[in-house]
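Chain letters run A, B, ... following the sequence lines, proteins first and then strands; every chain starts at 1.
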There are 2 protein chains.
Amino acid sequence: MATRTDAPTRREQILKEAARLFAERGFHGVGVDEIGAAVGISGPGLYRHFAGKDAMLAELLVGISGQLLTGAKRRLAEVDGTPAEEVLDSLIEGHIDFALDDRPLITLHDRELDRLRDSDRKLVRQLQRQYVELWVSVLREVYPGLAEPAARSAVHSVFGLLNSTPHLGRAGSLPGRGTTAELLHRMARGAFAAAATE
Amino acid sequence: MATRTDAPTRREQILKEAARLFAERGFHGVGVDEIGAAVGISGPGLYRHFAGKDAMLAELLVGISGQLLTGAKRRLAEVDGTPAEEVLDSLIEGHIDFALDDRPLITLHDRELDRLRDSDRKLVRQLQRQYVELWVSVLREVYPGLAEPAARSAVHSVFGLLNSTPHLGRAGSLPGRGTTAELLHRMARGAFAAAATE
DNA sequence: CCTTCAGGTTAACGACCGCTAACCTCCCTG
DNA sequence: CAGGGAGGTTAGCGGTCGTTAACCTGAAGG
């Protein structure tokens, strides 16, 4: 799979802008006219690309959950055989990359889930659950003494920690992406270690 | 100040239900008729108690920020003179209590801020900033080596961790409030300690 | 050169929503 | 026992929003 140098398709433009707007003002707070204007076309023109506003949100959320899950699975396969600690580090690193690179998406991910149709919501929930369970099993390899309910809670809490990136000062005030990523990584590891300390 | 045993006023009922509904479906996703129905009156009856839907959200968000800040200040005064580590523990405990007892409010707190009028939003932001700075100064007493920008990032991230309670299984699946509180507390301390480890 | 079709446009419809107006009904109080 | 305000009610207005309908246009293809 080559890194894409193509110009983004119109669909992709729309999804990107819609994600940004949804994250900024909430799903119900954004009108289709605004989404259209953000990509240079006007309101109803969007319906040549999507069945409706709901469909855009659904595609975004399913995409996010799927991307997180398949990314994690890929990492798991890549580091197969290495110590569990390194696997956990790889998972953390992947999640941080996502949280830092796609802040609007990370925001949507745990905010607008309830606006989906039942079937889409079930799908997203299932993907999210698989992602969590994957973390839980790796975590319990690293800390065998950690009970499963506690491990699950710990994973959710660390997601909360890592997903806090949108709250870390807008753009310029951050101490640089690499520094922030390292800080988050250390804190996640520290939180997990503390969770495992009876 | 006696613990209140009075029946809640109508205003308080409304605010509580509005908070729950806003947290569930977002500010724009809830109609005034639903809020009214949730307290047994119908739609426009709310306007005897609030100037409008916006006013409810504003009162909720200002209330949350104020409550967090004054609670933290009170705790700081109570444990005055004790080691900084204990002060930090007290802050963490207070935040956890709030996050576990008022999950809808904690959700609103960092989700619907942008729906406020400019003046209200500025007020809430100011209260939030004071709260953060209070944590930052205590944290830097405990870990003098921690630079201020890193400390601020660490505080925001730990808020993300502690505010993850709404994502920890609905009601029955949790291992009990006390256990969860202890787990969160340990993880927060672990995350801070790791943040301070160069 | 004519056709077709992808990808736009504007107009407009129907539903919904926040809010106001007008009215009603207790209950407290002088 | 009058009366007045607190706290409801329903009807309805004005605006917004998602969506559809009808139409246009430029470029590709036989």
Pairing of B/Arg189 and B/Asp89 as salt bridge, 4.0 angstrom limit:
yes
When every nucleotide of nucleotides 8-20 of chain D is labelled 5' to 3' by its protein contacts under 4.0 Å (heavy atoms), B for base, S for sugar-phosphate only, - for none, what sequence of letters results?
BBBB------SBB
Expected output: side-chain B/Arg75 to main-chain B/Leu91 donor-acceptor under 3.5 Å:
no
Those residues at least two apart in sequence (or on a different chain) that pass side-chain contact (heavy atoms from CB on, under 4.5 Å) with B/Leu68 are B/Ile64, B/His95, B/Phe98, B/His109, B/Tyr131
Using a 3.5 Å distance criterion without hydrogens, assess whether the side chain of B/Arg111 forms a donor-acceptor pair with backbone atoms of B/Gly26.
no
Chain B contact limits on DNA chain C, taken 5' to 3' with a cut-off of 4.0 angstrom to heavy atoms:
C/dG18 to C/dC23
Would you give me the side-chain donor-acceptor pairs under 3.5 Å for residues 152-159 of chain B, sequence neighbours excluded?
{"unit_1": "B/Arg152", "atom_1": "NH1", "unit_2": "B/Glu133", "atom_2": "OE1", "d": "2.9"}
{"unit_1": "B/Arg152", "atom_1": "NH1", "unit_2": "B/Glu133", "atom_2": "OE2", "d": "2.4"}
{"unit_1": "B/Arg152", "atom_1": "NH2", "unit_2": "B/Glu148", "atom_2": "OE2", "d": "2.6"}
{"unit_1": "B/Ser153", "atom_1": "OG", "unit_2": "B/Pro149", "atom_2": "O", "d": "3.4"}
{"unit_1": "B/Ser157", "atom_1": "OG", "unit_2": "A/Ser164", "atom_2": "OG", "d": "3.3"}
{"unit_1": "B/Ser157", "atom_1": "OG", "unit_2": "B/Ser153", "atom_2": "O", "d": "3.0"}

Restricting to side-chain contact (heavy atoms from CB on, under 4.5 Å), what partner residues turn up for A/Arg177, sequence neighbours left out?
A/Asp97, A/Leu100, A/Asp101
Applying side-chain hydrogen bond (donor to acceptor under 3.5 Å, both in side chains), name anything that partners B/Arg121, two or more places apart in sequence or on another chain.
B/Asp118
